[in-house]
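Chain letters run A, B, ... following the sequence lines, proteins first, then strands; residues in each count from 1. Owing to the predicted nature of the structure, the values given are computational and were not obtained by experimental measurement.
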Amino acid sequence: MADKPRLSRQAMCDRIAMEFQDGWVVNLGVGIPTLCSNYVDPSRDIIYHSENGVIGYGPLAPEGEEIPHLVNAGAQKVTAAPGMAIVHHADSFSLIRGGMIDATVMGAYEVSENGDFANWRFPERKGGGIGGAMDLAACAKRVFIALVHNTRDGKPKLLHRCQLPITAPGVVTMVVTDLGLFDVTPEGFQVRELAPGWTPEEVQEHTEAELAVPDTIPEFRLRA
Amino acid sequence: MADKPRLSRQAMCDRIAMEFQDGWVVNLGVGIPTLCSNYVDPSRDIIYHSENGVIGYGPLAPEGEEIPHLVNAGAQKVTAAPGMAIVHHADSFSLIRGGMIDATVMGAYEVSENGDFANWRFPERKGGGIGGAMDLAACAKRVFIALVHNTRDGKPKLLHRCQLPITAPGVVTMVVTDLGLFDVTPEGFQVRELAPGWTPEEVQEHTEAELAVPDTIPEFRLRA
Amino acid sequence: MKNKVLPSFEAAVADVPDGSTIMVPGFGTPGTPRNLMSALVDQGATNLATISNSVNRDIAVLVEARRVRKVYCAFTAPTHPSRETPFVRMYNNDEIDAELVPQGTLAERIRAAGAGIGAFYTPTSVGTELAEDKEHREINGRTHVLEYALPADYAFIRAWRADTFGNLQFRFAQRNFNPIMAMAADVTVVEVEHEIVDAGGIDPDCIHVPGVYVDRIVKIPPEGIFD
Amino acid sequence: MKNKVLPSFEAAVADVPDGSTIMVPGFGTPGTPRNLMSALVDQGATNLATISNSVNRDIAVLVEARRVRKVYCAFTAPTHPSRETPFVRMYNNDEIDAELVPQGTLAERIRAAGAGIGAFYTPTSVGTELAEDKEHREINGRTHVLEYALPADYAFIRAWRADTFGNLQFRFAQRNFNPIMAMAADVTVVEVEHEIVDAGGIDPDCIHVPGVYVDRIVKIPPEGIFD
C-alpha cells in the first residue's frame, strides 16, 4: 500500500507548540520534541526548562555565537532568553517534581489508550536509558507525546496496552503523530485533527487502538 | 557557705575556644557560647557558622559599621570574614546534618554523665524552644556545653541523669562551667582542669554526678 | 515576559482567604516580609496557619487578634520563663494550636514540599520527646525519624532585588528561609527592598529564586524598610 | 584561610585508593571534570564505582580498562539499539554492575547524602518496573517510593571560578550536578576553568559551593579547557 504523504516532524511539533499557553513552563525531551522551540508565536511567552537546570533558554545558538556553557537537555548549544535563571540539578528536578512544569513533550516507542507510554527500555536487553523521563512523566502537569505513527516496518505505536515497560502509568493527555493529533480521554484515543488527505478509516488501519472519531474533524493546523 | 570566686563567662568561653583546631567549622549557640568568638588565636582559622546560612562570619560589628543584613544565630550584627559564603536555611542545615560542623557549643539547663543534655523545655509548661539545637546536637562532630555549674539556688547541673527532656542522647564530649573543664567519658565526667583555687572535693560538693579525678589536675587555662 | 509587579501591598494580599496557610520567612529582622504582614493585618483574613522560625512580632499581631488557628515553628516557649508572650499564654491555655519543629527539620520539610518529596528520614530529634510518636528506621546503622513535607498556600517573601518576572536575589542573612518558602507555596508574594529591574537585568548565575516560583512583586517604599 | 590550591591534577588525585566511589558531574560537556578524570586514568586506581548522569567518555575509558566494578547512572542502555558502546556490551555480558536511577532521583539521592537525609519518598517511577522492588507509601493521596541517600568517597568537580579557600562559582549549565556532588562526597577535588582568586574575592551572595565542602583545587591550563 503506497501511503499518502505524512506530516513532517516539524509540522508535528508546530502543532504541539500551538497548545502551549502564555506563561507556561515547558520541558522538551531529546529528539523530535526539541523541534517545538522552532515554533514561535510572539503573542505567547513560553519558558523552556531543561533538566540540567536552565530555566528560560531561547532558540538554538547561531553558528559562531555559541556559549560553550549553555546547552539544553539534548546538549545542543542554546541562547539565553531574557530572565533566564540557572539552578543545580537537584533544584532542577525539585522544580519538576514540585509540579512547576506545565507541559513536557517527549518521544516514545509506544503509547496506549489508557495514557501509559514507554520510552526507556527494550526488555530483551539489560538496562535502559531513562534520563529524566520518569520524573517528568510522573510530575509534569501535562504529558504530550510526539512520535511517528508507525515503526519502520509498519507496526502501530498507538496501542490498546503498551507491550514495552512503561515510563509512567496513565499520564499522557495528548499525542501528535505524523498522521494526526489525538487526545487521550477516558474513552481512549480521540481523534482531534488528521493529516491533510487522510480519512479516519485510513488512520485506523495504521492504529491498533480503536480511535474515537467525532462527527467533524478539523483540518490539522499547520504553521501559518 | 561563701564560695570562692568562680570563672567568668568569658574565661569559660576562652577555654572552650582554645580547643578549636585550625580550619574547624564551629557553630556557637545563643547565650554564653557566643563569647567564644571573642577569643582570637591568630595561629588558627576558625570558620564560624550560623544556622541562618552564614558560613564564615567575623567578630561583632563595631558600632556604626553594622550591615543590617548580616546577623548571627543570636541576631547580633556581625562582620564578614574573608571567604564568607551565604546559603539558604535548608542548605545551612544540610551542612549541619551532613556532618560538616566540627564543633558546636551550646548552653544547657542540665548535662548528664552519659553525655545527654537538656536545653529546650521545662515539662511543667507546654511547648519548648528548640531552634536548631536538636539538629546540631544530633549531627555535629563534637558537642561542647558551656553552662554555669549551679542554678541560682545552688542546685547542680552536672547530673547522673538529666531530669528535663533531653535535646539529644549521649552526644556531649566536653563541658565547661564556672568551676572547671570536664570531659565526658565512658566513665562519666572526668575533671580536666579546675577553676583557680578550687579543689576536686569542693567542686564535687557542687556536683550531683560523681567526678573522676586524675592524679594531677592542670590549672584552668586562661587567656594569655 | 510577564510583568508581575503590583502597585501596593494591599493589592498583593487582597485575595488571601480565611483558613490559608502562610509561610513567613525571616531570622531576626533580615528577610522578614514586614510590609506584607502589615497588609495582611489590614486585609482581615482569619483562621490562618503560619509556618515560620518563630512567632515573630508580625505574626504575634495576628495571633493576639485571634486570627491564627495554628503555628508551626521552632519556638513555642520562651527560653527564659520570664519572657512570656501573649502567644505563649494563649498556647498554654489551649487557645491556639502549635507544632514545635526542630529548625533544620522545619527547613527540610518546607524544602521537601517545594521539591515534590513526600517525606524523608532525618537523624534529628532521635531519642527525644519530639520523636516519640514518629516512625523510626535504621539506615546505615543510624536511627532516623520520618518527617513529612510541609506545604503552604502563600509565601510572603522579602528580597533585596527582583526583576519584573520575579527572579530574586537576597543580601547576606536576608536569604534564610525565603528561597525554600518561595518554592513550597502555591502563591509567592514578594516585597523588594532595594530595586526592581527589567527581566534579564540580574545575572542568571546569581539568582536565588527563579521567577517561575514568583507570582506578585511589590517595591517597598523608603518608609517600609524597617531595618 | 587555608589555601587549598595544588600544583597538578596528578597531585590532586594521587591518594584515590582502589575500591573508591567517585562522583563525576557533567551534562554534555559543561561541568565535566575532564582533567581530573584523565589524571585518574594515569593514577591507576581500580575496582572503582562511579556516580554520574551517564557513562560519559571519560568514565568509559576507565570502564573499558576494566577498572570500574559498578556505575550508578540514568542511562545503562543506548536509546537507539544501534548505538551500542563497550560499556553496554560489558553490562549485557555481566562484566560490570550497574544501577539505573531516574535522573531526578539520582540528583535527589546525591543531595540527600550531602544533606544528612537517610532516605526520602518520591513519586518518580511509581507504577514502573524500576519501582517493583521498592517500598511504597501513600502520602497525601499519592503513591511514593522510598529511595536512599547515595554518598561517595570523592567528587571531581569542574568549576568556572574559585577562591583559594574553595568557594566556587559555575557558569550557566556547567553547574548541573557539581554543587550537590561537592556536598555529598568525603573529599571534593576541583578543576577550575577560568580563574582562582584570593579568599574573599567572590561575592558571598553568589557562591554556588561554600569552600567548607572543598578540599583541593587545581587551575586548568589553557590546553585543558576542552570545550
Query raised in the report: More than 12 non-hydrogen atoms from neighbouring residues, nucleotides or ligands closer than 6.0 Å to CD on B/Glu219, yes or no?
Result: no

Query raised in the report: Quick one: does D/Ile207's side chain get under 4.5 Å of B/Ile86's, heavy atoms only?
Result: no

Report task. Inspect the surroundings of CZ in D/Arg67 and state if more than 12 heavy atoms from other residues, nucleotides or ligands are less than 6.0 Å away. Result -> yes

**Report entry** Heavy atoms from other residues, nucleotides or ligands near CD of D/Glu99 exceed 12 (cutoff 6.0 Å)
**Finding:** yes

Report summary line: Separation between CZ (D/Arg111) and CG (B/Asp91), nearest 0.5 Å, reads 6.5 Å

**Report entry** CG/D/Asp133: more than 12 non-hydrogen atoms of other groups inside 6.0 Å
**Finding:** no

Requested in this report: Taking atom CD of D/Glu195 as the centre, report whether more than 12 heavy atoms of other residues, nucleotides or ligands fall under 6.0 Å from it.
Outcome: yes

Query raised in the report: Hey, what do you get for CE (B/Met84) to CG (D/Asp205), rounding to the nearest 0.5 Å?
Result: 7.0 Å

Query raised in the report: Which pair of heavy atoms, one from D/Ala199 and one from B/Pro82, lies closest together, and at what distance?
Result: O-CB, 4.1 Å

Query - Step-by-step side-chain contact (heavy atoms from CB on, under 4.5 Å) determination, D/Met1 to B/Ile47 - result: CA-CA 9 Å; D/Met1 305 292 277; B/Ile47 299 142; 4.3 Å; yes

Query raised in the report: Is it the side chain or the backbone of B/Ile96 that comes within 4.5 Å of chain D heavy atoms, both, or neither?
Result: neither

Query raised in the report: Can you tell which of D/Pro151, D/Pro204, D/Cys206, D/Gly200 has the highest number of heavy-atom pairs within less than 4.5 Å of chain B?
Result: D/Pro204

Query - Heavy-atom contact with chain B under 4.5 Å, split by part of D/Met183 - result: side chain

Query raised in the report: Do other residues, nucleotides or ligands put more than 12 heavy atoms under 6.0 Å from D/Asp42 CG?
Result: yes

Query - Side chain proximity check, B/Asp45 to D/Lys2, heavy atoms < 4.5 angstrom - result: no

Query raised in the report: Taking all non-hydrogen atoms of both residues, which atom of B/Ala85 and which atom of D/Asn167 are closest, and how far apart?
Result: CB-OD1, 3.6 Å

Report task. Decide yes or no for B/Met100 and D/Pro210: does some side-chain heavy atom of the first lie under 4.5 Å from some side-chain heavy atom of the second? Result -> no

**Report entry** D/Glu223, CD atom: more than 12 neighbouring heavy atoms under 6.0 Å
**Finding:** yes

